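Nothing here was measured: the structure is a model prediction, and the numbers come from that model. Counting from 1, the numbers follow the sequence of the chain as shown.
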Amino acid sequence: MDGKEVSLLKQRQRATRKAAAIFLAPVIILLIVFIFYPILDTFNTSLYKWNGISSSKSFIGLGNWSTLVKDGSFWIAFRNNIEIMILSIVIQIPIGLALATFLDFGGKKMNLFKVLWFIPLLMSSVAIGFLFSYALATNGGIISTIAKVFGGGNIDLLGNPRTALLTVIGVICWQFTPFYMVYFMAAFTNVPYDVFEAARIDGATRGQYFWKIALPLLVPSMKSAAILSMVGSLKYFDLIYVMTGGGPGTSTELMATYMYKQSFKTFNMGYGSAVAGGMFILITLVSLITMKILNGKKEA
């Protein structure tokens, strides 16, 4: 009897493994074709000198990587990415949390604000880039027009190396803060309403409830939001490329825009692949370090 039970158990385990393999196969194939293979091929291409068009490639080993390590423009782009990452987290998450708190405390009568504040996230990044390029234009832009009303001159925010990156960061935060607003609104739904009622019965104000009860319960969601913001900030391309093209100079150059220029403007696909590989390595390292810092104090 025991032998039959063991045999039946093994048959069930084999059937479960087969079913799991069948259902996982399409996902695994898609991951291999569209993620793992392109990554490996990028690192392989980085070992060649190639213009991306001709069939002939010249193997140069780690020559592109040696150039990348010494490339000041790449490291400036990486620094700009880090600056965007830090400011995005510092700006988007607190504002998103503040908006979510306002909407959560306001109830259904705030539904109009939910719709209005969510609109920027519905717009295409390319469309937003063009919109703000015209709005911030030196001649006829909103800022320059307002400055003229008060007796000032034209203001060139995107053409000034000292203000271009901060201006772009402001536009990025305008577009993506609604995402974190919705994210924290969802997090608020996980806070039991009984806790809120108990706090109110005990005489806690809304401010005391938020700072002493709700905010500590939202910390895990804030950590996840910080990781999402960090990873997204290191991959920005379309909005910045449309608004500034990485200029003036290298003031708004990012790793993604630099990779695009090397690969498709100068037709140096081998070096562009090295830039992409370096970008992959740096993003992975920054992500792992950030996740370690945020989750390092978790209890075992």
Side-chain angles (χ1 to χ4, degrees), residues 38-39 41-43 45-52 60 62-92 125-126 128-130 132-133 136 156-176 226-291:
I39 290 174
D41 188 60
T42 296
F43 281 95
T45 304
S46 70
L47 302 178
Y48 293 85
K49 183 178 181 180
W50 182 43
N51 62 11
I60 58 173
L62 297 176
N64 285 324
W65 288 92
S66 176
T67 303
L68 181 66
V69 172
K70 303 172 186 176
D71 190 348
S73 296
F74 173 77
W75 294 110
I76 289 174
F78 176 64
R79 185 194 65 193
N80 290 339
N81 268 116
I82 295 297
E83 188 172 341
I84 289 179
M85 179 191 80
I86 294 172
L87 290 179
S88 292
I89 293 173
V90 170
I91 296 172
Q92 293 178 31
S125 295
V126 174
I128 290 175
F130 278 113
F132 277 93
S133 295
L136 300 174
D156 190 6
L157 293 175
L158 294 176
N160 187 338
R162 292 177 294 180
T163 60
L165 186 61
L166 295 176
T167 303
V168 169
I169 291 172
V171 176
I172 290 171
C173 292
W174 179 82
Q175 181 185 11
F176 290 103
I227 292 172
L228 289 173
S229 178
M230 174 204 64
V231 174
S233 321
L234 294 172
K235 299 188 298 179
Y236 282 134
F237 171 76
D238 46 3
L239 187 145
I240 290 180
Y241 191 79
V242 169
M243 289 186 68
T244 65
T250 57
S251 58
T252 61
E253 191 78 270
L254 302 183
M255 291 187 290
T257 60
Y258 189 62
M259 173 193 67
Y260 176 83
K261 290 177 182 178
Q262 292 296 322
S263 300
F264 302 107
K265 282 202 165 185
T266 62
F267 296 101
N268 192 351
M269 188 63 70
Y271 187 63
S273 298
V275 173
M279 181 179 170
F280 173 80
I281 293 171
L282 291 173
I283 290 175
T284 302
L285 289 175
V286 172
S287 301
L288 291 174
I289 292 171
T290 305
M291 292 176 67

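Looking at T250, its side chain never comes within 3.5 Å of a backbone N or O of G246 through a donor-acceptor pair. For the pair N81 (side chain) and K235 (backbone), a donor-acceptor distance under 3.5 Å is absent. Counting only distance, with no hydrogens or angles, the side chain of S125 and the backbone of L239 share no donor-acceptor pair below 3.5 Å. With hydrogens and angles disregarded, a donor-acceptor distance shorter than 3.5 Å links the side chain of W75 to the backbone of V69. Without hydrogens or angle criteria, S66 side chain to L62 main chain gives no donor-acceptor distance under 3.5 Å.
Residues N80 and T252 have side chains not in contact (no heavy-atom distance under 4.5 Å, counting atoms from C-beta outward).
Of all non-hydrogen atoms in L68 and G278, the two that sit nearest each other are CD2-CA, 4.2 Å. In plain terms, the two heavy atoms of F132 and L158 that are nearest each other are O-CD1, 4.4 Å. Scanning all heavy atoms of the two residues, the minimum distance from P248 to P161 falls at CG-N, 3.8 Å.
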Could you go step by step and tell me if N160 and T167 meet the side chain to side chain contact (heavy atoms under 4.5 Å, CB included) rule? CA-CA 10 Å; N160 187 338; T167 303; over 6 Å; no

Would you sort out whether T244 and T257 count as a side chain to side chain contact (heavy atoms under 4.5 Å, CB included), showing the intermediate values? CA-CA 10 Å; T244 65; T257 60; over 6 Å; no

Test log, rule side chain to side chain contact (heavy atoms under 4.5 Å, CB included), inputs N51 and N268: CA-CA 5 Å; N51 62 11; N268 192 351; over 6 Å; no

M243 vs I128, side chain to side chain contact (heavy atoms under 4.5 Å, CB included): CA-CA, chis, key distance, verdict: CA-CA 9 Å; M243 289 186 68; I128 290 175; 6.0 Å; no

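Around NZ of K49, the count of heavy atoms belonging to other residues, nucleotides or ligands within 6.0 Å does not exceed 12.
Interatomic distance, N64 CG to D71 CG, rounded to the nearest 0.5 Å: 11.0 Å.
Using bins of under 30°, 30° to 60° and over 60° for the plane-to-plane angle, the ring pair Y260/F237 lands in the tilted bin.
Residues forming a side chain to side chain contact (heavy atoms under 4.5 Å, CB included) with F43 (at least two apart in sequence, or on another chain): I39, W65, F280, I281.
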